[in-house]
Amino acid sequence: MSKAREAKAAKIRQLMETEGDAVGTSTRGFNEGRYESVQTLDDYEGLKSEARAIKEDAIERLPELIDQLRETVESNGGTLYIADDAADANRYVREVCEDKEAERVVKSKSMTSEEIEVNEDLEAADIDVVETDLGEWVLQVADESPSHIVAPAIHKSRDAIADLFNETFEPDEPLETAEELTMFAREQLGDLIEGADVGMTGANFITADTGTMALVTSEGNARKTAVVPDTHVAVAGVEKVIPTVEDLRPFVELIGKSGTGQDITSYISLLTPPVESPTVDFDAPDTPLSETETDRDFHLVLIDNGRFDMREDDQLRETLYCIRCSACSNVCANFQHVGGHAFGGETYSGGIGTGWEAGVEGLDSAAEFNDLCTGCSRCTTACPVEIDIPWINTVVRDRVNRGEVSELDWLVEGLTPDEEPGGVSLQKRFFGNFETAAKVGSFFAPVSNWAAGLGVSRDLMERFLGIDARRELPEFQRETLKDWFESRTSRVDDPVRTAVLYPDVYTNHVQVERGKAAVRALEALGVDVVVPDVRSSGRAPLSQGMIATAEDHAHDVYAGLAEHIDDGRDIVVIEPSDLAMFQSEYEKFLPEKSFERISEASYEVMEYVFGLLDNGADADALSAGAGEEIAYHSHCQQRTLGLEGHTEAVLSDLGYDVATSDVECCGMAGSFGYKSEYYELSVDVGSELRGQFRTDENRDRTVVASGTSCLEQLDSLLSRPTQHPIQLVAPRR
């Protein structure tokens with residue numbers, strides 16, 4: 001393993017050991033809460049689309065809305081400043097504090113202030129800065145960075161916080177319980193807020209029509225921070241501006257449910273500063289508030305720092321729709337196991353973090369954690385503003401790839417069968433061109449399998465390709481599915497339908513038996529089947545950020561399937577990630593009409609079987625379960641497409657006793673589980689699924705899974721064989 005890969009693996013290993021349990025407990029809790037909370041909404045999907053439309057409109061009209069906001073803020077008696085970058089924003093905030101002769105600034109939680117590192121700038125000017133959010137204050141005391149954009153100290157257990165407070169503050173009685181820790185922090189922070197000269201907050205949303213700021217928090221500290229000092233500075237990215245107060249409604253409904261699973265966040269504060277309310281004079285507690293000063297100073301600092309460039313970037317623009325809810329982090333299996341200290345950059349973490357870091361910090365920061373996104377797509381349904389987060393991660397990966405150059409790039413470009421420049425790493429290029437490796441493997445099988453398994457071969461693969469020697473390699477079959485199919489004739493005399501069985505790379509070269517089973521099952525149900533000679537879908541190169549190559553595959557696949565679509569044939573796909581290409585990613589690669597044709601004609605194999613049975617096909621033609629107990633795990637993209645229910649229904653209708661896993665991810669994620677720097681994380685993620693399938697209820701059940709990656713991971717984690725559901729129900733030979 002290279003030094004860089006070993007260093008990354010060591011960091012991930014260390015974080016799994018020290019922070020993984022705490023992060024996992026909280027993020028899984030948030031995610032489960034989201035599932036429950038959104039069920040209370042009458043039209044969850046409609047609400048998301050409404051929120052998306054508001055953000056699209058706001059970013060489209062951003063300069064106009066900022067001009068309107070400036071007029072509104074100034075008419076309210078405040079000041080609006082547009083900061084070009086972090087240095088400009090910090091200079092302005094520092095000058096406000098110096099004009100007020102401020103000795104202490106108190107802050108509520110704000111990722112934007114983390115982004116510009118305003119604390120460090122003010123402290124360098126001898127101005128004391130105090131975080132008043134409990135989690136942020138814990139990290140300030142510990143001198144650590146946030147691990148989560150909503151719950152910054154999510155990686156710290158109660159015991160760790162107790163040890164920190166006891167060691168730092170030496171209270172008269174050791175602090176132990178959560179209540180004791182909270183009350184201690186409340187007392188400490190209350191005194192600090194009382195003596196503050198300037199209060200600083202962020203803003204979740206700012207309405208252009210009234211200048212109203214919405215602060216969404218789980219604690220009351222933001223309100224105190226904003227109104228106890230007579231000077232309030234709000235720092236926010238320009239993307240936080242939305243048109244009207246009425247537009248806040250869908251976001252208020254969605255942000256708490258999406259982020260922490262709360263029906264509504266504890267505190268939703270709508271402030272239209274400067275508020276003509278009395279200031280608090282703590283030195284004169286007996287003076288009625290009606291007799292105190294009402295002179296308040298308000299400064300709204302809107303920060304560009306790369307955002308306007310992102311607005312003009314067709315691929316990163318969607319990032320600006322983000323409402324910082326953290327749903328993409330909470331649903332992500334990799335994040336659940338390592339947190340934002342691995343799955344994050346200078347400021348932002350989680351799935352959407354790549355887009356933010358690329359936009360405001362640059363590709364170098366994004367590149368540090370971009371590969372931890374496996375493109376599983378679970379975050380796309382979790383996002384309350386429908387951002388295609390995996391695509392943003394893929395785009396950034398592509399740009400990182402293209403930024404790496406060497407003197408031998410011309411040679412690499414000439415030797416590899418893809419559309420990429422030479423800078424793509426050998427590891428990514430190998431996995432992105434796996435179809436070529438599979439063709440060679442099958443052609444020389446079984447010798448190729450024997451040679452690949454030799455110790456020297458595994459050492460070389462680990463050294464140069466980063467393929468972990470602990471991961472079992474796939475075994476290529478000499479007779480591919482296409483070879484087998486061409487050697488036989490159709491057994492359907494009077495077909496009820498005609499279909500193309502799409503030969504994905506693994507089904508064609510490795511998992512050939514599941515392809516044969518699919519043919520037998522479809523023919524038994526009266527379907528005339530064709531297995532065409534067509535290229536791989538492009539999923540492999542896309543997962544490596546090789547977009548040009550993936551697009552080339554998409555055009556070739558469509559060209560190879562178009563004539564079948566013209567003839568009215570259905571396209572049946574065994575591998576869910578390939579179906580997701582046809583029904584999702586191809587929209588970015590093909591003309592609109594072509595995409596619609598292939599998308600509408602494509603079905604997942606068990607979905608197709610369900611449809612046939614539902615329309616009168618003879619279920620007796622398939623293998624009945626007779627009560628056989630099954631442990632079933634669906635594929636990530638299958639669930640994103642909403643198709644896992646078809647498999648469960650078919651198995652149940654055929655008499656199988658099905659126990660379905662509720663684990664989000666198996667951890668394999670295609671090539672991810674093969675890579676040496678991520679192997680241990682892959683296994684750690686998979687351990688949850690392994691544990692579920694080893695319970696007393698499930699340990700003796702037949703294991704089935706819908707995806708290649710899932711099957712590979714389960715094969716390595718369990719001591720019993722696994723198979724695809726189609727192999728279970730297909731007629732025996």
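Hydrogens, waters and symmetry mates play no part in the numbers below; they use all other heavy atoms, side chains included.
Arg402 has a carboxylate O that lies under 4.0 Å from a charged side-chain N of Glu420, or vice versa, which qualifies the two as a salt bridge. In this structure, Lys588 pairs ionically with Asp388, as a charged nitrogen and a carboxylate oxygen lie closer than 4.0 Å. Glu386 and Lys48 are not joined by a salt bridge, as no carboxylate oxygen comes within less than 4.0 angstrom of a charged side-chain nitrogen. Salt-bridge check for Glu60 with Arg311: failed, with every basic side-chain N at 4.0 Å or more from each acidic carboxylate O. A salt bridge links Glu585 with Arg539; the closest basic N to acidic carboxylate O contact falls under 4.0 Å. Ion pair Arg514/Asp504 flagged as a salt bridge, since at least one NZ, NE, NH1 or NH2 atom sits closer than 4.0 Å to an Asp/Glu carboxylate oxygen. Lys8 and Glu677 are not joined by a salt bridge, as no carboxylate oxygen comes within less than 4.0 angstrom of a charged side-chain nitrogen. Between Asp371 and Lys428 there is a salt bridge, since at least one side-chain N of the basic residue sits less than 4.0 Å from a carboxylate O of the acidic one. A salt bridge does not link Arg5 to Asp468: none of the charged nitrogens lies less than 4.0 Å from a carboxylate oxygen. Ion pairing between a basic and an acidic side chain is recognised when a charged N comes within 4.0 Å of a carboxylate O; Arg34 and Glu664 show no such pairing. Checked for salt-bridge contact, Arg52 and Glu318 meet the test: a charged N lies under 4.0 Å from a carboxylate O. For the pair Glu462 and Lys675, the salt-bridge criterion is not met [side-chain N within less than 4.0 Å of a carboxylate O]. Salt-bridge formation is detected for the pair Arg13/Glu680: a Lys NZ or Arg NE/NH1/NH2 atom is positioned less than 4.0 Å from an Asp or Glu carboxylate oxygen.
The local environment of CG in Asp21 is sparse, with at most 12 non-hydrogen atoms from other residues, nucleotides or ligands closer than 6.0 Å. Taking a 6.0 Å sphere around CD of Glu50, one finds it holds more than 12 heavy atoms contributed by other residues, nucleotides or ligands.
Of the possible donor and acceptor atoms, none in the side chain of Asp578 sits under 3.5 Å from a partner among the backbone N and O of Pro503. Using modelled atom types, no side-chain atom of Gln14 and backbone atom of Ala9 make a donor-acceptor pair closer than 3.5 Å. Without hydrogens or angle criteria, Ser49 side chain to Glu45 main chain gives a donor-acceptor distance under 3.5 Å. Checked by atom type and distance alone, the side chain of Ser365 never pairs as donor or acceptor with a backbone atom of Gly362 at under 3.5 Å. When atom types are taken as modelled, the side chain of Gln336 and the backbone of Asn330 share a donor-acceptor pair closer than 3.5 angstrom. Asp43 contributes no side-chain N or O that, together with a main-chain N or O of Leu47, makes up a donor-acceptor pair within less than 3.5 Å. Side-chain atoms of Glu357 come within 3.5 Å of backbone N or O of Thr347 as a donor-acceptor pair. Side chain of Arg307 to backbone of Leu320: no donor-acceptor contact under 3.5 angstrom is found. Using a distance-only test at 3.5 Å, with no hydrogens or angles considered, no donor-acceptor pair links the side chain of Ser349 to the main chain of Gly345. A donor-acceptor contact shorter than 3.5 Å links the side chain of Asn433 to the backbone of Arg429.
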**Study point:** Glu239 and Arg324: CA distance, side-chain angles, deciding distance, salt bridge (Lys or Arg N to Asp or Glu O under 4.0 Å) verdict
**Key:** CA-CA 11 Å; Glu239 82 284 355; Arg324 311 269 178 86; 3.3 Å; yes
Exercise for review: Please report the C-alpha distance between Gln637 and Ser577 in whole Å, then the side-chain angles of each, then the deciding distance to 0.1 Å, and finally whether the side chain to side chain contact (heavy atoms under 4.5 Å, CB included) criterion is met.
Suggested key: CA-CA 6 Å; Gln637 272 134 345; Ser577 61; 3.2 Å; yes
Practice item. Please assess Val573 against Leu501 for the test side chain to side chain contact (heavy atoms under 4.5 Å, CB included), listing each intermediate value before the final yes or no. Key: CA-CA 6 Å; Val573 185; Leu501 181 66; over 6 Å; no
Practice item. Output, in order, the C-alpha distance, side-chain angles, deciding distance and verdict of ring pair (Phe, Tyr, Trp, His ring centres under 6.0 Å) for Tyr674 and Tyr679. Key: CA-CA 6 Å; Tyr674 283 98; Tyr679 170 80; 9.4 Å; no
Point to revise | Intermediate values then yes/no, side-chain hydrogen bond (donor to acceptor under 3.5 Å, both in side chains), Glu604 and His646 | key: CA-CA 9 Å; Glu604 192 259 346; His646 297 98; 5.9 Å; no
Review point. Can Phe343 and Cys373 be said to form a side chain to side chain contact (heavy atoms under 4.5 Å, CB included), step by step?
Key: CA-CA 8 Å; Phe343 204 145; Cys373 170; 4.2 Å; yes
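No hydrogens or angles considered: a donor-acceptor pair under 3.5 Å links the side chains of Ser706 and Tyr632. At a cut-off of 3.5 Å, with distance as the only test, no side-chain donor of Ser634 or Glu644 sits close to an acceptor on the other residue. Looking only at atom types and distance, the side chain of Glu115 has a donor-acceptor partner in the side chain of Tyr348 under 3.5 Å away. Donor-acceptor pairing under 3.5 Å is lacking for the side chains of Glu419 and Thr549. Looking only at atom types and distance, the side chain of Ser682 has a donor-acceptor partner in the side chain of Arg471 under 3.5 Å away. Side-chain N/O atoms of Asp662 and Gln692 include a donor and acceptor closer than 3.5 Å. In this structure, a donor-acceptor pair under 3.5 Å is absent between the side chains of His553 and Ser537. A donor-acceptor contact under 3.5 angstrom links the side chains of Tyr506 and Glu712, judged on distance only. Inspection of the Ser37 and Gln262 side chains reveals no N or O donor paired with an N or O acceptor under 3.5 Å.
Going from atom CD1 of Ile303 over to atom NZ of Lys240 covers 9.5 Å, rounded to the nearest 0.5 Å. Within the model, atoms SG of Cys322 and CD1 of Ile387 stand 5.5 Å from one another, a figure rounded to the nearest 0.5 Å. With rounding to the nearest 0.5 angstrom, the OG1 atom of Thr507 is 11.0 Å from the CD1 atom of Ile726. Taking OG1 of Thr319 as the start and CD1 of Ile352 as the end, the distance is 4.5 Å to the nearest 0.5 Å. From Met581, atom CE reaches atom OG of Ser602 across 12.0 Å, with rounding to the nearest 0.5 Å. Atom CD of Glu6 sits about 8.5 Å away from atom OG of Ser676, to the nearest 0.5 Å.
A 4.5 Å side-chain heavy-atom check between Met310 and Arg317 finds every atom pair outside the cut-off. Residues Thr640 and Arg378 have side chains in contact (heavy-atom distance under 4.5 Å, counting atoms from C-beta outward). For the pair Leu62/Phe308, a side-chain contact is recorded, criterion being any heavy-atom separation below 4.5 Å from C-beta on.
Summarising the geometry of Tyr678 relative to Leu372, their closest heavy-atom pair is CE2-CD2, 3.9 Å, with the distance given to 0.1 Å. Annotation for Val572 and Val605: closest pair CG1-CA, 3.6 Å, computed over non-hydrogen atoms. The minimum heavy-atom distance between Pro532 and Leu561, with the atom names listed, is CG-CD2, 4.2 Å. Here the shortest heavy-atom pairing between Thr380 and Pro390 reads CG2-CD, 3.3 Å.
Aromatic pair Phe595/Tyr586: centroids not less than 6.0 angstrom apart.
In this structure, His633 and Phe693 have perpendicular ring planes: the angle between them is above 60°, well past the 30° mark.
In this structure, the ring pair (Phe, Tyr, Trp, His ring centres under 6.0 Å) partners of Tyr603, at least two apart in sequence or on a different chain, are Tyr608.
Among His724, His635, Glu575, Gln713, the single residue meeting the side chain to side chain donor-acceptor pair (under 3.5 Å) criterion with Thr708 is Glu575.
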